[in-house]
Amino acid sequence: MKKALLFLLLSTSIIMAQKKDSLISENITGHIYKPKMVGATEERISQLQLPQGFKIEKFADNLGEPRMMAVSPQGNIYVSRREGDVVMLKDTNDDGKPDHQQTVVTKEGAHGVAFHEDMFYLVTVNDVFRAQLKEDGTIGELEKIIGNLPDGGQHPNRTIGFGPDGMLYISIGSTCNACDETREENATIVRTNADGSNRTIFASGLRNTIGFDWHPETGELFGMDSGIDWLGDDEQTDEPPKMTWKEYAQKATEPEMLFTAHSAPMNLKFYRGKMFPSEYKNTALVTFRGSWNRRPASGHKIMKVTFENGKPVKAEDFVKGFLMEEGTSRFARLAGLVELPDGSLLVSDDTNGVIYRVSYN
């Protein structure tokens, strides 16, 4: 696996951490703008816009605040919730929808979930656990393999994933909006062995990278990183302190692609399945939870990012319409994204408690 970490950054704003010995004075126009939340009715779902041949429907609902998802080797779906637990969804009658729901783990701060060699992995704010996956889909006794991750602060939602190298990757967000961190591992992705040993920083300078995945052909790691708040609706124009933009650019790694500011990227997954048309193979699909610090509102959709020769070259809307009435109301804030064995996609909404299924006929 190549070690290059090529990030698709959310905001066109450049992050500036205030140094303790410097004065920064800026005039920025910012907005708090939160569209009202309405119910996820069938009528509203039917008005969502997808490419021709695709369909979106409710897969499960009444789930509280579902966040990240993972599929076990048996095909069961595991969903972390802000309630502090992980629920298993199982289809026992093979009708394509879950008819059995069971809480399999209760742990405060539960967020990122993953499977590796028949083991279940879970990350909370400070800890990583693993447990044996049982035949009935339940989880054995949790074993803490990491117990001293940095405190969460502003970004406590950790995510995890196993790379092509069999190593465990853990995303650790920054504790603040823009500041000097007190822990070296904040605003990074760290990498460990599957048992939690040999922990090293794999990438740094990342404010908060919830969604990340490996390109199926190149093995390179891509992620969606969120820029900082309160730099205006679109981008910051003031120069960095004590240097020009040109000087600052020489110290930074350029993002591979930029998106509308404040859209709040959540999950990124490369499509590996066979259900969708062939042009979707190895494209990245990204969920955007939606803005609160921008007027007009942004995000609230799924985007498709096309790659050529291992690099992102084009981004376009894949599912949109969750933001309605000229951006004044919304019926979903999207979070988790996972591919099912049949090639369809599941997308979680952590506000109306819904998981959607996107399929192609």
Side-chain angles (χ1 to χ4, degrees), residues 2-33 150 153-155 171-190 200-212 220-265 268 284 286 288 291-299 303 305-315:
K2 296 182 180 179
K3 292 185 178 180
L5 183 61
L6 306 177
F7 271 86
L8 293 80
L9 295 187
L10 162 67
S11 174
T12 53
S13 305
I14 289 182
I15 298 173
M16 290 197 303
Q18 182 172 351
K19 301 299 182 182
K20 296 177 181 179
D21 59 352
S22 65
L23 170 67
I24 296 178
S25 178
E26 299 174 354
N27 294 316
I28 298 169
T29 300
H31 295 97
I32 295 178
Y33 188 79
Q154 186 172 330
H155 300 114
S171 180
I172 304 173
S174 62
T175 60
C176 56
N177 189 43
C179 66
D180 290 328
E181 297 288 353
T182 59
R183 289 282 299 271
E184 185 183 23
E185 288 181 332
N186 277 112
T188 71
I189 289 180
V190 302
T200 60
I201 294 177
F202 181 77
S204 59
L206 311 174
R207 180 171 177 269
N208 192 30
T209 304
I210 292 180
F212 60 91
E220 290 184 318
L221 181 59
F222 286 79
M224 295 294 298
D225 193 55
S226 295
I228 70 177
D229 304 321
W230 298 114
L231 290 182
D233 289 337
D234 291 302
E235 62 183 45
Q236 176 190 353
T237 56
D238 296 335
E239 288 193 353
K242 300 181 181 179
M243 69 182 74
T244 65
W245 280 118
K246 182 178 180 180
E247 291 171 331
Y248 191 86
Q250 293 174 347
K251 298 176 178 290
T253 300
E254 288 291 322
E256 293 291 313
M257 187 173 284
L258 300 169
F259 295 84
T260 303
H262 306 295
S263 294
L268 177 151
V286 183
F288 289 91
S291 61
W292 63 268
N293 189 208
R294 185 179 193 270
R295 185 171 184 175
S298 59
M303 292 196 75
V305 181
T306 301
F307 281 66
E308 292 181 2
N309 300 317
K311 304 295 183 183
V313 296
K314 180 182 178 181

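For the numbers below, each heavy atom of this structure counts, side chains included, while hydrogens, waters and symmetry mates do not.
One N or O on the side chain of Gln154 and one on the backbone of Asn177 form a donor-acceptor pair closer than 3.5 Å.
Here the shortest heavy-atom pairing between Met224 and Pro265 reads CB-CB, 3.6 Å. Residues Ile228 and Ala178 approach most closely at CD1-CB, 3.9 Å, considering heavy atoms. The two residues Asn208 and Gly173 make their nearest non-hydrogen contact at OD1-CA, 3.5 Å. Contact detail for Arg294 and Pro296: the closest heavy-atom pair is NH1-O, 2.9 Å. For Gly299 against Phe288, the heavy-atom pair with the smallest separation is CA-CB, 3.9 Å. In this structure, Phe222 and Leu268 approach most closely via the heavy-atom pair O-CD2, 4.2 Å.
In this structure, CD1 in Ile172 is found 7.0 Å from CG in Asn186, a value given to the nearest 0.5 Å. Atoms CD1 and CD1, on Ile201 and Ile189 in that order, are 11.5 Å from each other to the nearest 0.5 Å.
When side chains are defined from C-beta on, Ile32 counts as touching Trp292, because their heavy atoms get closer than 4.5 Å. Side-chain atoms of Tyr33 and Asp233, non-hydrogen and from C-beta on, never get closer than 4.5 Å to each other. Side-chain contact between Val313 and Met257: absent, with no pair of heavy atoms (C-beta onward) separated by less than 4.5 Å.
Residues satisfying the side chain to side chain contact (heavy atoms under 4.5 Å, CB included) criterion with Asn293, sequence neighbours excluded, are Asp229, Trp230, His262. Every residue meeting the side-chain hydrogen bond (donor to acceptor under 3.5 Å, both in side chains) condition with Glu181, not counting sequence neighbours, appears here in chain and number order: Thr175. Residues meeting the side chain to side chain contact (heavy atoms under 4.5 Å, CB included) test with Lys246, sequence neighbours left out: Thr244, Gln250. Every residue two or more places apart in sequence or in another chain that forms a side-chain hydrogen bond (donor to acceptor under 3.5 Å, both in side chains) with Ser298 is listed here: Ser263. Every residue two or more places apart in sequence or in another chain that forms a side-chain hydrogen bond (donor to acceptor under 3.5 Å, both in side chains) with Ser174 is listed here: His155.
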For the pair Phe259 and Val286, evaluate side chain to side chain contact (heavy atoms under 4.5 Å, CB included) and give the outcome as yes or no after the intermediate values. CA-CA 11 Å; Phe259 295 84; Val286 183; 5.7 Å; no
Assess whether side chain to side chain contact (heavy atoms under 4.5 Å, CB included) is satisfied between Phe212 and Leu206, documenting all intermediate values. CA-CA 12 Å; Phe212 60 91; Leu206 311 174; over 6 Å; no
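Remark: Glu247 CD is packed, more than 12 non-hydrogen atoms of other residues, nucleotides or ligands lying under 6.0 Å away.
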